[in-house]
Engineer: 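Pasting in a structure now, in structure tokens, and then I'll have a few things to ask.
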Amino acid sequence: MPELPEVETTRLGLLSAVIGKRVSGVILRDWRLRWPIPRNLDALLVGRTVLGLARRGKYLLWDVESSHGGGFLLCHLGMSGSMFTVRNGVAPIKHDHVDIVLGGDTIVRYHDPRRFGAMLWISGATPTHPLLDQLGPEPMAADFNGSRLFARSRGRAISVKQFIMDGHTVVGVGNIYASESLFDAGIRPTTAAGRISETRYGSLASSIKATLAKAIAAGGSSLRDYVGADGESGYFQLAAQVYGREGEPCHTCRRPVRAIRQGQRSTFFCSRCQT
DNA sequence: CGAGAGTCCTGAAGGC
DNA sequence: TGCCTTCAGGACTCTC
């Protein structure tokens, strides 16, 4: 699934194809995502113009004439979703659940084998929704920093890795980038969040920003289900330091990378470089 | 309230 | 080849 860099890459790839374009049709082949897609999606979208495409965490927010009687289309790619453009007329394949036809000649196609994603409608001029209400800061924003991490972690027994993957702490840090950022900051993922100093949280915030920025610059990293917004295989070699490298030598000290499980998710770290 | 487990679903990979 | 188990990038929603 797309982590934040992949979602941002998707957004950037879709922008020119959707902004200012009028929706001419909607094809709903399977509405059974994490929550049901509104069955009247066509009535909500057709005839309206897309005025914006924003991202909040891993959610994509389409502004569909929100200030003129429309609203927002809220999309999440879940674990295996992708959203990309194809020429109108290109036949769908298995798991192509939704087509949004724009201007008659372009389709934005939603593909999601596991159907953990979401496509919901928010009526009105402001994108308020329970899924968005409690989200933490954007990792690349100035208000996400070490002081904030430190303040929010006091008294918390949860491991620092699970702490930074919690969307209330900061949005968009998924399983891969959590391991990578903690390696970059030299912090052991099992350490209790409440026992890490403000100085170290400063390093961690910087590492999260740097790790995500690098991945966004590379166009999203490489996961087998991921398809870029242009429909091409968005397959970039992920320059992982530790993720998926169990038993292989640490790039810094050559000690074998260790793999453990935390909260039913895989964690990778170097037991020498991360203390 | 926090922490941990369970849940949705398909598909790929590995063991036998 | 086939059957079975395990695992996968998320994150909401329970229970204790």
Engineer: Between A:Arg56 and A:Glu138, is the closest basic N to carboxylate O distance under 4.0 Å?
Structural biologist: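 Looking at A:Arg56 together with A:Glu138, the answer is yes, because their closest N to O distance falls below 4.0 Å.
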Engineer: Would you compute the distance between atom CZ of A:Arg156 and atom CD of A:Gln162 and round it to the nearest 0.5 angstrom?
Structural biologist: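 One gets 10.0 Å once the value is rounded to the nearest 0.5 Å.
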Engineer: Rounding to an integer number of Å, can you tell me how far A:Leu33 CG sits from B:dT7 C1'?
Structural biologist: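 So the CG-C1' distance, A:Leu33 to B:dT7, works out to 16 Å.
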Engineer: Is the distance from OP1 or OP2 of C:dA11 to the nearest side-chain N or O of A:His76 less than 4.0 Å?
Structural biologist: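 So the side chain of A:His76 is within the cut-off, an N or O lying under 4.0 Å from OP1 or OP2 of C:dA11.
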Engineer: Just checking, any donor-acceptor pair under 3.5 angstrom between side chains of A:Asp184 and A:Thr211?
Structural biologist: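 A:Thr211 and A:Asp184 do not have a side-chain donor-acceptor pair below 3.5 Å.
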Engineer: Taking A:Asp133 for its side chain and A:Thr128 for its backbone only, find out whether a donor-acceptor pair lies under 3.5 Å.
Structural biologist: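 Here the side-chain-to-backbone pair does not exist.
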Engineer: Once you round it to whole Å, what is the distance between C1' of C:dC14 and CZ of A:Arg34?
Structural biologist: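 To the nearest whole Å, that distance equals 12 Å.
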Engineer: Are more than 12 heavy atoms from other residues, nucleotides or ligands located less than 6.0 Å from atom CZ of A:Arg87?
Structural biologist: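 At most 12 heavy atoms, drawn from other residues, nucleotides or ligands, come within 6.0 Å of this atom.
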Engineer: Does B:dG2 have OP1 or OP2 under 4.0 Å away from a side-chain N or O of A:His168?
Structural biologist: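 It does not, given that no N or O in the side chain of A:His168 lies less than 4.0 Å from OP1 or OP2 of B:dG2.
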Engineer: Is A:Tyr59 near enough to C:dC12 that one of its side-chain N or O atoms lies under 4.0 angstrom from OP1 or OP2?
Structural biologist: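 Looking at the OP1 and OP2 atoms of C:dC12, one of them is under 4.0 Å from a side-chain N or O of A:Tyr59.
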Engineer: Using a cut-off of 4.0 Å on non-hydrogen atoms, how would the nucleic acid contact of A:Gly174 be classed: base, sugar-phosphate, or nothing?
Structural biologist: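 The answer is sugar-phosphate, as A:Gly174 gets under 4.0 Å only of primed atoms, P, OP1 or OP2.
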Engineer: A:Ile176 has an atom CD1; how far is it from atom C1' of C:dC7, in whole Å?
Structural biologist: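 Result: 14 Å.
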Engineer: Identify, residue by residue, the members of residues 158-167 of chain A with a heavy atom below 4.0 Å from DNA chain B, and return them in order of residue number, or none.
Structural biologist: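 Here the set is A:Ile158.
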Engineer: Under the 5.5 Å and 30° test, is A:Phe116 stacked on the base of B:dC8?
Structural biologist: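 A stacking contact exists, since A:Phe116 sits close and nearly parallel to the base ring of B:dC8.
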Engineer: For C:dC7, take OP1 and OP2 only and decide whether either is under 4.0 Å from a side-chain N or O of A:Ser266.
Structural biologist: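 So the side-chain polar atoms of A:Ser266 never come under 4.0 Å of the phosphate oxygens OP1 or OP2 of C:dC7.
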Engineer: Please tell me which of the listed nucleotides, B:dA3, C:dA8, C:dC12, lies nearest to the side chain of A:Tyr243?
Structural biologist: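 Looking only at side-chain atoms, A:Tyr243 lies closest to C:dA8.
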Engineer: Is A:Arg115 touching bases, backbone alone, or none of the nucleic acid, heavy atoms closer than 4.0 Å?
Structural biologist: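 Result for A:Arg115 = sugar-phosphate.
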Engineer: Should we count CH2 of A:Trp121 as having more than 12 external heavy atoms under 6.0 Å?
Structural biologist: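 Check passes, neighbour count above 12.
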Engineer: Any side-chain to backbone donor/acceptor pair from A:Arg195 onto A:Ala157? Under 3.5 Å, distance only.
Structural biologist: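 No; judged by distance alone, with no hydrogens or angles, the pair does not exist.
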Engineer: Contact class for A:Leu131 (heavy atom, under 4.0 Å): base, sugar-phosphate, or nothing?
Structural biologist: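 Result for A:Leu131 = sugar-phosphate.
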Engineer: Which part of the nucleic acid, if any, lies within reach of A:Arg265 when heavy atoms closer than 4.0 Å are counted: base, sugar-phosphate only, or nothing?
Structural biologist: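 Answer is base: heavy atoms of A:Arg265 come under 4.0 Å of a base.
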Engineer: Tell me which nucleotide among B:dG6, C:dA8, B:dA3 gets nearest to the side chain of A:Met79.
Structural biologist: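 Nearest to the side-chain atoms of A:Met79, counting from C-beta on, is C:dA8.
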Engineer: In this structure, which one of A:Arg258, A:Lys161, A:Arg261, A:Arg188 forms a side chain to side chain donor-acceptor pair (under 3.5 Å) with A:Thr267?
Structural biologist: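 Passing option: A:Lys161.
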Engineer: Can you see if the side chain of A:Arg261 gets near the phosphate of C:dT6 - specifically, an N or O under 4.0 Å from OP1 or OP2?
Structural biologist: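 False: A:Arg261 side-chain N/O out of range (4.0 Å or more) of C:dT6 OP1/OP2.
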Engineer: Check whether any side-chain nitrogen or oxygen of A:Lys94 sits under 4.0 Å from OP1 or OP2 of B:dT10, and answer yes or no.
Structural biologist: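 It does not, given that no N or O in the side chain of A:Lys94 lies less than 4.0 Å from OP1 or OP2 of B:dT10.
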Engineer: So if I apply the side-chain contact (heavy atoms from CB on, under 4.5 Å) rule between A:Arg200 and each of A:Val160, A:Leu149, A:Ile187, which one comes out positive?
Structural biologist: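 Exactly one candidate clears the test, A:Ile187.
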Engineer: Examine distances only and state if a side-chain atom of A:Lys209 and a backbone atom of A:Phe144 form a donor-acceptor pair shorter than 3.5 Å.
Structural biologist: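 Answer holds: yes.
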Engineer: Grab the CG-P distance between A:Leu77 and B:dT10 for me, whole Å please.
Structural biologist: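 Between P of B:dT10 and CG of A:Leu77: 18 Å.
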Engineer: Could you state the CZ-P distance from A:Arg114 to B:dA12, rounded to the nearest angstrom?
Structural biologist: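 Going from CZ in A:Arg114 over to P in B:dA12 covers 12 Å.
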Engineer: Can you list the steps and then say if A:Ile107 with A:Ile100 is a side chain to side chain contact (heavy atoms under 4.5 Å, CB included)?
Structural biologist: CA-CA 5 Å; A:Ile107 292 172; A:Ile100 298 173; over 6 Å; no
Engineer: For DNA chain B, just give me the dot-bracket, please: Watson-Crick or G-U, both distances below 3.5 Å, ( ) intra-strand, [ ] crossing earlier pairs, | paired with another strand, . unpaired.
Structural biologist: .|||||||.|||||||
Engineer: Starting from P on B:dC9, measure out to NE2 on A:His95 and report it in whole angstrom.
Structural biologist: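 Between P of B:dC9 and NE2 of A:His95: 13 Å.
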Engineer: Could you give the CG-to-P distance, from A:Leu60 to C:dG10, as a whole number of Å?
Structural biologist: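 Interatomic distance, CG of A:Leu60 to P of C:dG10: 15 Å.
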Engineer: Take atom CD1 of A:Ile93 and atom P of B:dT10, then tell me their distance rounded to the nearest Å.
Structural biologist: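 Between P of B:dT10 and CD1 of A:Ile93: 16 Å.
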Engineer: With a cut-off of less than 4.0 Å, is there a side-chain N or O of A:Arg32 near OP1 or OP2 of B:dC9?
Structural biologist: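 The answer is no; no side-chain N or O of A:Arg32 sits under 4.0 Å from OP1 or OP2.
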